[in-house]
Amino acid sequence: MCTYGQKFDRLAKTPPMGWNSWNKFGCDVNEKMIREIADAMVSTGMKDAGYLYVNIDDCWHGKRDSLGFIHPAPDRFPSGMKALADYVHSKGLMLGIYSDVGALTCGGKPGSRGHEYQDAITYAQWGIDYLKYDWCNTDGINAIGAYTTMRDAIYSAGRPMVFSICEWGVNKPWLWAKDVGHLWRITGDIELCFDCKVGHDPWFNWGVMNIIDKQEVLRNYSGPGHWNDPDMLEVGNGMAVNEDRTHFSMWCMFAAPLISGNDIRNMSNETKEILTNKEVIAIDQDSLGYEGFKYSAKDSVEIWFKPLINDDWAMCILNRSLKLHSVSFDWKNEVVYDNLSKRYAAFDKTVYSLSNLWTKKDEGTTTEELKAELPGHDVLMLRLNKM
Ligand code: GLA
């Protein structure tokens with residue numbers, strides 16, 4: 001008997017963490033590389049830090065056979081997807097795959113249009129754990145209907161899969177996708193830059209700061225099991241180290257899915273330290289699942305807060321400019337109130353100890369004014385531990 005009408009609802013109670021091929025490798029994917037990535041997830045400590053999904057993005061596809069079943073490209077995936085899934089699972093990791101609502105993917109490979117149930121069954125038989133479902137070549141298709149169809153197809157195939165809606169925010173998925181998928185992209189693709197926007201008529205790619213501004217207004221829609229997705233990480237792909245740190249910190253302040261997009265087989269120590277910083281990841285993975293909010297903004301310096309379990313808070317001071325800024329925060333004069341969680345921090349009444357999450361030093365308590373020199377494009381990120 002088939003059951004329709006729901007998503008697998010025990011998944012993604014905290015934002016999904018993993019790796020995806022697209023940002024670094026584009027269409028150049030093959031089974032050897034995916035196996036090596038799975039090995040590197042373990043040997044680099046990424047798995048220990050919480051990264052679980054190894055996701056193959058676009059272009060793994062070969063052709064459909066005469067019955068319509070999809071097969072991976074035989075030259076690049078000669079052992080087949082089932083063997084690859086078995087390998088990834090043997091490392092204690094999960095395997096993700098990519099398809100598209102339209103007849104063709106963004107990379108011109110076969111999409112799932114008209115084959116949704118057949119593809120979902122195929123993926124389940126292969127042992128796939130995560131499906132990213134894209135939105136190219138969809139003129140005239142209703143987004144809610146299309147994504148709901150694939151959700152139902154996955155559910156009836158019977159294997160739990162995280163369902164990642166990659167519709168770029170065009171049809172405002174935050175308004176309808178809570179019960180359809182586990183995460184939904186809120187913008188077009190991320191661009192490898194701190195603060196830029198690149199036109200690809202008729203769409204844009206967005207730098208880190210632009211995505212932050214788009215995500216900020218959507219925090220009411222995100223939570224355990226249903227996350228706003230500001231796109232995959234560009235950490236380790238070419239920005240300056242402080243810019244990577246800022247990018248990662250803000251994604252964690254947003255409770256964003258943390259899908260690394262670099263070549264983790266060959267990463268610098270600085271990149272590894274950013275991606276595997278457990279204290280910063282704990283901000284992202286906090287079980288309450290609230291996104292942070294902007295508390296203040298002045299002269300390119302923004303102060304963000306995120307409510308955490310046990311009455312703790314995360315605080316991130318972000319310097320968007322290239323100039324060094326002297327920042328100060330006199331706790332006793334500040335009251336932080338979050339309208340969404342109804343959480344309240346009156347620093348003249350409650351004292352918090354301060355942990356600097358990047359230097360890993362104690363920064364005293366909220367009884368003394370906080371003062372710091374903040375370099376350009378950098379952050380000061382603190383955990384406020386209620387005493
Ligand atoms: C779209 C998606 C990207 C990536 C590519 C693959 O642009 O938004 O994340 O999956 O397609 O072609």
Side-chain angles (χ1 to χ4, degrees), residues 15-30 33-34 37 53-62 70 72-73 76-77 95-113 119 123 128 130-139 141 143 146-147 150 161-174 177 180-193 196-208 210-211 214-215 218 227-238 247 251 256-263:
M17 293 177 66
W19 175 90
N20 175 293
S21 52
W22 183 254
N23 282 356
K24 177 72 183 177
F25 299 101
C27 268
D28 191 10
V29 286
N30 61 71
M33 185 242 277
I34 298 300
I37 291 286
Y53 294 97
V54 176
N55 292 348
I56 314 171
D57 206 275
D58 203 350
C59 303
W60 57 268
H61 320 66
I70 188 74
R76 290 178 289 117
F77 293 87
L95 187 64
I97 211 163
Y98 161 101
S99 189
D100 189 286
V101 167
L104 292 175
T105 69
C106 298
K109 306 294 178 189
S112 289
R113 187 167 190 189
D119 285 354
Y123 303 154
I128 298 294
Y130 186 117
L131 175 65
K132 172 175 167 183
Y133 203 42
D134 213 343
W135 185 241
C136 274
N137 306 303
T138 54
D139 276 357
I141 299 181
Y147 282 97
M150 191 45 116
M161 285 178 216
V162 171
F163 188 33
S164 161
I165 296 175
C166 179
E167 174 271 1
W168 320 314
V170 179
N171 294 280
K172 300 190 168 63
W174 46 89
V180 180
H182 301 95
L183 61 159
W184 52 79
R185 284 271 299 278
I186 60 139
T187 66
D189 291 1
I190 191 168
E191 183 74 26
L192 179 55
C193 66
C196 77
K197 144 176 161 187
V198 177
H200 293 274
D201 193 24
W203 74 88
F204 282 94
N205 285 9
W206 306 94
V208 170
N210 304 67
I211 294 182
K214 288 179 176 298
Q215 172 118 351
L218 300 176
W227 307 99
N228 287 323
D229 176 7
D231 205 359
M232 304 173 293
L233 296 163
E234 288 283 18
V235 174
N237 280 343
H247 169 26
W251 261 232
L258 297 179
I259 308 294
S260 53
N262 59 317
D263 187 351

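Just so it is clear, the model here is predicted, and its values are computed rather than measured. For ligands, and for the atoms within them, numbers begin at 1 and follow the listed sequence. Only heavy atoms go into these numbers, but all of them, side chains included; no hydrogens, no water, no symmetry mates. Along the sequence shown, residues carry numbers from 1.
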**Q.** Residue pair Ile128 / Met161, side-chain heavy-atom distance below 4.5 Å
**A.** yes

Q) Sub-3.5 Å donor-acceptor pair from the side chain of Asn55 to the main-chain atoms of Tyr130, do we have one? A) no

Q: Go through the structure and list residues passing side-chain contact (heavy atoms from CB on, under 4.5 Å) with Pro110, not counting sequence neighbours.
A: His61, Arg64, Ile70

Q) Among all residues two or more places apart in sequence or in another chain, which pass the side-chain contact (heavy atoms from CB on, under 4.5 Å) test with Cys106? A) Asp58, Tyr98, Asp100, Asp134, Cys136, Trp168

Q.
Tell me which residues fall inside the under-4.0 Å heavy-atom shell around ligand 1.
A. Trp22, Asp57, Asp58, Tyr98, Cys106, Gly107, Lys132, Asp134, Cys166, Trp168, Arg185, Asp189, Met232

Q. Should the ring pair Phe204 and Trp206 be called parallel, tilted or perpendicular, given that the plane angle runs from 0 to 90° and is split at 30 and 60?
A. tilted

Identify each donor-acceptor pair in which a side-chain atom of residues 181-193 lies under 3.5 Å from a protein atom, sequence neighbours left out, and give them as a table.
from: His182; atom 1: ND1; to: Phe163; atom 2: N; distance (Å): 2.9
from: His182; atom 1: NE2; to: Phe8; atom 2: O; distance (Å): 2.6
from: Trp184; atom 1: NE1; to: Asn228; atom 2: OD1; distance (Å): 2.8
from: Arg185; atom 1: NE; to: Thr187; atom 2: O; distance (Å): 3.4
from: Arg185; atom 1: NH1; to: Asp231; atom 2: OD1; distance (Å): 3.3
from: Arg185; atom 1: NH2; to: Thr187; atom 2: O; distance (Å): 3.2
from: Arg185; atom 1: NH2; to: Gly188; atom 2: O; distance (Å): 3.3
from: Arg185; atom 1: NH2; to: Asp189; atom 2: OD1; distance (Å): 2.6
from: Glu191; atom 1: OE1; to: Asn205; atom 2: ND2; distance (Å): 3.1

